[in-house]
Structure formats: structure tokens, C-alpha cells
Protein chains: 2
Amino acid sequence: MDTRHMQYFLALAETLHFGRAAARMNMSQPPFSRQIAAIEKSLGVKLFERNSRNVALTPAGKHFLEDCRRVLAGFEAACRDVRLVASGMKGELRLAFMMHAAHGVVPSLVRRYAKSRPDIRLILEERIPTDIDEQLIEGRLDAAVTFGLVHAPHLRTALLARDRLQLIAPAGHPLARRDRVGPRDLQGERLIAAPASVAPTLRSAIGIYCATGGTVPDFVFEPRLQHTIIRLVAEGLGIGLIPQSLCTDLGDGIISRPLEDAPEFDVVLCAPVAAKNPAVSHLFEVAQGRE
Amino acid sequence: MDTRHMQYFLALAETLHFGRAAARMNMSQPPFSRQIAAIEKSLGVKLFERNSRNVALTPAGKHFLEDCRRVLAGFEAACRDVRLVASGMKGELRLAFMMHAAHGVVPSLVRRYAKSRPDIRLILEERIPTDIDEQLIEGRLDAAVTFGLVHAPHLRTALLARDRLQLIAPAGHPLARRDRVGPRDLQGERLIAAPASVAPTLRSAIGIYCATGGTVPDFVFEPRLQHTIIRLVAEGLGIGLIPQSLCTDLGDGIISRPLEDAPEFDVVLCAPVAAKNPAVSHLFEVAQGRE
DNA sequence: CCATTCAATACCCTCAAAGTACCAATCGAT
DNA sequence: ATCGATTGGTACTTTGAGGGTATTGAATGG
């Protein structure tokens, strides 16, 4: 038994006529009759009551007819769907993003993608930047929204937005009264920033920025989440340099100020150049506004 | 593509090793490799990333794997179920019964049958006796509970119960006071009975019973339903001779009395001797208490 | 650098299944 | 009753899908 035999059975069950059923299967009647007999023999079940004038389904045949229709429909759907998956029209896409991207570009990107690829199930996962790199290589992620990396030959990237560092400080802090703040002004301040192991791009940008003013940064806390930095600054435990995109709705007791010559960095969509998931390429098209 | 190809795919997707997958399919590795290549070609989709050391599923392959499991499970279930239907363990059974049988033997018969054949869907239909005969022959019914027929060579029967006619009369009727009633006592009474076209067995039993006393019956109403007879008798419009099994809970204003030498008749399970539905034979076993 | 492992290729062979021809049974019309 | 038309079954031939064996080529580890 296989699906071809089921199709033979289906043809006969629907026409109840060996000659016409054989014609529908593009074959002559004798081999068709033999196939029907072979099906009944292999199942050990009589599916048709027949004589030289009439063909009728047995009760078992009636039941089998319904099952065959279901099975064949599932079979054809599977063969059709695998092509859709291969062409990127259907399937899954695992997209990670670092937390601050969630406030900016990710929602719109996801909305536009889901609209043009409704049969792709988007699996969104929040990750810290270092995990993202690692998991992209391992193939546990298909794509990610993260900081632009200087050297990433194995990654394809598309610029989504540019962001820059901005100062946040407790409301009563001396720097909070200044219009602009430069690297020199950070000397002696208690800094709060994520550790290099979590956010290397931000951390090194802060380090380099301080160095341009000859300042040696004094990191007093190193939380993993940018939101934690904001909370600690609001409590008066220090100041922070965080992406501008996170400076909306900071809450009471905390202010933000632009930095002179603020370090900028790219927020990019990236995926392995040899992405196996065909759904990825269309994500890049959406990211680059080509759809 | 057919189910065998899906099984090849499944074997490789689960082992990720051509040699072992081929062994699982009881064949050697080279033709197995060719089959996998043929599957990919016919679908137009790469299902595996492979080199001489590693085999891995593509995203399309992963999706196809799940679909194949579903399809193959359905396929095997269909082949298994058709055998169950043919053996009478699964499927449908259309059982008709005349109305008064519903009060007696049908509920217990159905309960016992459903217990030992839980996968048979019982389709119960109430019919008047003449319709039952007709539809049994046409094959629109598999079996029926009805009166025992004197000549029915095309029907297989099993005795379920014996019933007898009993008199019902309005509470104030002269016959209501008598302990026993014979055929002679019916002379001149207004009789209510179903017409011969609806219940030939009952009707002819009444006729013969009257004849044994030399009585000419006077049928004043001929409703189709035994319950209607009871209602009309309760209204004082006449007397009736109905199956004893219907004489429980007659309600106020109506009494029943046994008849002398009451006509008896069999209540039987019957089905065409050449029953196509294999679920029928076990119904007879249940009816005859052999289960 | 060699041995080993594993998938792919080359070539052959077999049998499942299709085709052709014919037969048997049934029904309707003459 | 008989003949022809229709329909399913059987006998025999043929073909190609798919299996087997031997071998190659690429990758890995000692």
C-alpha cells in the first residue's frame, strides 16, 4: 500500500466503474483491476462488492474512502508546504534583539514582515549582545537586531538606525544643570554601565569617549540590563551613558543631557551570510525598505 | 513521491546517517542515497545539508519531517482501521426499532453492544414495522428490532422477547371491571388499532383473535402510533388491544386487562442474511446472550 | 601521510506494474 | 432464445523504477 494505491482506490470509489476509474488514472482497465485486487489482498479486506454489471462500496470501503481522502489531502499539503518553506513563504524565523532595540526599530520591522509573510511564525527572543553573536553562529538564531560590528565577515548586515550615547544623571546632580557635557566633565564621576562581557560595543564606546578627555572612568556598578542602570541612576547612585533611544520616559528624579561629540553606533539587522533559513532574505528586504 | 519515499526520508531525518538509515529500510546505502536524491529532485527542495562527514536537516527538511510523521501516522491508521471496520470492531451500525421495543429490549441490547464494541457508532432510528422490512432490503438499515415474521427467508432473526396483546379500556368501561376478557366479549365494541399498512402483525393478530370468538371487529380509528391509541382510549373513544409491554404507566382514566388465550408474538432482532456490515454478527451474539 | 569513514557514482539486474489480447458474465433488444 | 454491447477478470509480454555490488572521492584523525 502507498498513496498511489489510495488514489486508485479513490478513483474507483468515486466513479464506481473500472473503465472510467482507470481512464482517470491514465491507464488501461486490466492493470487497474489488478491493482484494486492487490489492494484488497494486501489489506485483507474486501472494499468493493462487484459483479460484471455493478460496483459498490462495502461498509469497510466507505470508511476507507473517508480516511483516504484525509490522508491524501495531508500528503499533498505536506509536499506543497515543503516547497513554500523552501521558498521562504512559510515556516519559522527565530529573531533575537537586544533589549533597547525593542523600543525602536524591532516593532515596526516585525509588523511589516508579518504582513507580507503571514505564514512565517516569528519567534522573537530578547538576548544580550554577546549571546546573539554566539547563537547566530551556532545556528540557534536565524537573525538578530544588534549593534553594528566592526569586523564580521561571516555576517550579512543591514543598517536599521543610528543611535548615540547620552548622559543620564539624578535630577539634583551638578551635570544635570549643564546644557552640554564633554568627556572631561566625567572625571571623578561614579559611572554605572553594563560590563564588557554583556555589551562590549557600549562599554568600549564609553571607555574610548572618556579617554578622549583624558578621563579614567570609575565604574561603581555593572548591571547587565540598561533598565537597571536607569533605576540605579534615579536612586542617586551614579551617572550613566546609555543609548539615546532609551531616554524617553525616564521617570521622575532623573534627567538626560546630550554629549559633546557623542559616540555613535549602528543598530543593524544581521544574519549569517550562509543563512540556511530562506525566510531570512526577505527580512533583509523589509529592513532595507525594499518592500 | 509516495509513502515509501516518506519513510526513507524519515529514516534519514531520524538517524542523520545514510548507512544506518538504509539498514533500517533493509537496503544497501547506494540505492538509498539515490532515493533521497530523487525525493529532493521531485520536490525541488533540498531537505538535507550534507557532505561526506555530516548530514543535517535544512529548515524545509525540519518542517517536512513533522508533516511526514503526521501523514504516515494517518496513513497507517487508515490501513489499520479498515481492517477493524471489516472485522466489525469499528464503524457504524444502523439499527432501527419499532416504537414499543424502545420500552423493552432495545435499551439493554444497545447498552451491552456499545460496551463490547465501543468503536462502533450506533445509529438508532425509530421506524414503523413496514418501513423496517423495506429499508432492511434496500440496505439503508443494518438491523432492526421488530416483530417476528412468519416467512422471511432473506432475514436472519434472533428472539429477543415474547409479547402478548392486552386489553386497554377507559376506566368506566364495563370490560374494565372483568378479571378476564375473551374474544367473544369484543363483539360490538369500538376498536382502535393501527392499520395493517403500518403494523401488519398486530393488526392481523387482532383480526384472528376476534375471529376465534366469531366477533367481527369494528375499527373506529386507525392511528399510526400505539401511543395515540392509548390517548384515544383514555379519552373514552373506544378500546384497544396493544402489546403488554406498553401497558406500564398508562396514566389515569385507563385500565388494562389480560386477554384469555392472548395472541402472542415474537420481538426479534433481524438483519439480512447477506448482511454486508460485519458489525451485525456481533449484535446477534449480544442478542442471544453469548456475550 | 595513511587509514578510515561516509556519501556519491557506475553499472547491472530483477520484478512490480503497465500494456495488449482475450475471456466470461450479464443485460437489453430483436 | 439469441446476438451484441458492456464490463470486469485472466494470460502473457514488456518496460522501467528501484534494488544490489563494486568503486570513487572527500573529509577526518592518528
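Just the heavy atoms: all of them, side chains too, but no hydrogens, waters or symmetry mates, feed the values below.
- The nucleotide range of DNA chain C contacted by chain A, defined by atoms under 4.0 angstrom from heavy atoms of the protein and reported 5' to 3', is C/dA17 to C/dC27.
- Residue pairs satisfying the side chain to side chain donor-acceptor pair (under 3.5 Å) criterion with at least one member in residues 55-67 of chain A, sequence neighbours excluded, are listed as follows: A/Asp67-A/Arg70.
- Aromatic ring orientation, A/Phe32 versus A/Tyr8: perpendicular (interplanar angle above 60°, classes split at 30° and 60°).
- Within the cation-pi definition used here (under 6.0 Å to the ring centroid, within 45° of the axis), B/Arg156 qualifies as a partner of B/Phe284.
- Note: A/Phe64 and A/Phe48 fail the aromatic proximity criterion, with ring centroids not under 6.0 Å apart.
- The pair A/Glu125-A/Arg94 meets the salt-bridge criterion, with a side-chain N (NZ, NE, NH1 or NH2) lying under 4.0 Å from an Asp/Glu carboxylate O.
- Residues B/Arg121 and B/Glu92 are paired through a salt bridge, judged by an N-O separation under 4.0 Å between the basic side chain and the carboxylate.
- Regarding contacts with the backbone of D/dG8, every side-chain N or O of A/Ser33 stays at 4.0 angstrom or more from both OP1 and OP2.
- Rounded to an integer number of Å, the gap from CE of B/Met27 to C1' of D/dG18 is 7 Å.
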5' to 3', nucleotides 21-30 of chain D under a 4.0 Å protein heavy-atom cut-off (B base, S sugar-phosphate only, - none) gives BB--BBBS--
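- Five base pairs at each end of the helix from C/dC1-D/dG30 to C/dT30-D/dA1 define two local axes, and these are offset by 20° (rounded to 10°).
- Pairs of residues two or more places apart, or lying in two chains, that qualify as ring pair (Phe, Tyr, Trp, His ring centres under 6.0 Å) and include a residue from residues 113-149 of chain A are A/His100-A/Phe147, A/Tyr113-A/His282, A/Phe147-A/Phe265.
- Within 4.0 Å (heavy atoms only), B/Phe48 reaches no atom of the nucleic acid at all.
- For the salt bridge (Lys or Arg N to Asp or Glu O under 4.0 Å) test, no residue two or more places apart in sequence or in another chain qualifies with A/Glu76.
- Residue A/Gln35 contributes atom CD, which lies 15 Å from atom C1' of D/dT10 at whole-angstrom precision.
- Ranked by how close their nearest DNA chain D nucleotide is to the 5' end, A/Phe18 and B/His5 are led by A/Phe18.
- Atom CG in B/Asn26 sits roughly 14 Å away from atom C1' in D/dG20 (whole-Å rounding).
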Inset, instruction - Before giving the answer on side chain to side chain donor-acceptor pair (under 3.5 Å), spell out for B/Ser281 and B/Glu285 the whole-Å C-alpha distance, their side-chain angles and the decisive distance to 0.1 Å. - result: CA-CA 7 Å; B/Ser281 64; B/Glu285 291 175 15; 5.0 Å; no
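- Among the atoms of the strands shown, none is found under 4.0 Å from any heavy atom of B/Arg20.
- A salt bridge is absent between B/Glu134 and B/Arg140; no separation between the charged side-chain nitrogens and carboxylate oxygens falls under 4.0 Å.
- As rounded to whole Å, 10 Å separates atom P of D/dG19 from atom CZ of B/Phe32.
- In this structure, A/Asp2 CG and A/Ile39 CD1 are separated by 9.0 Å, a value rounded to the nearest 0.5 Å.
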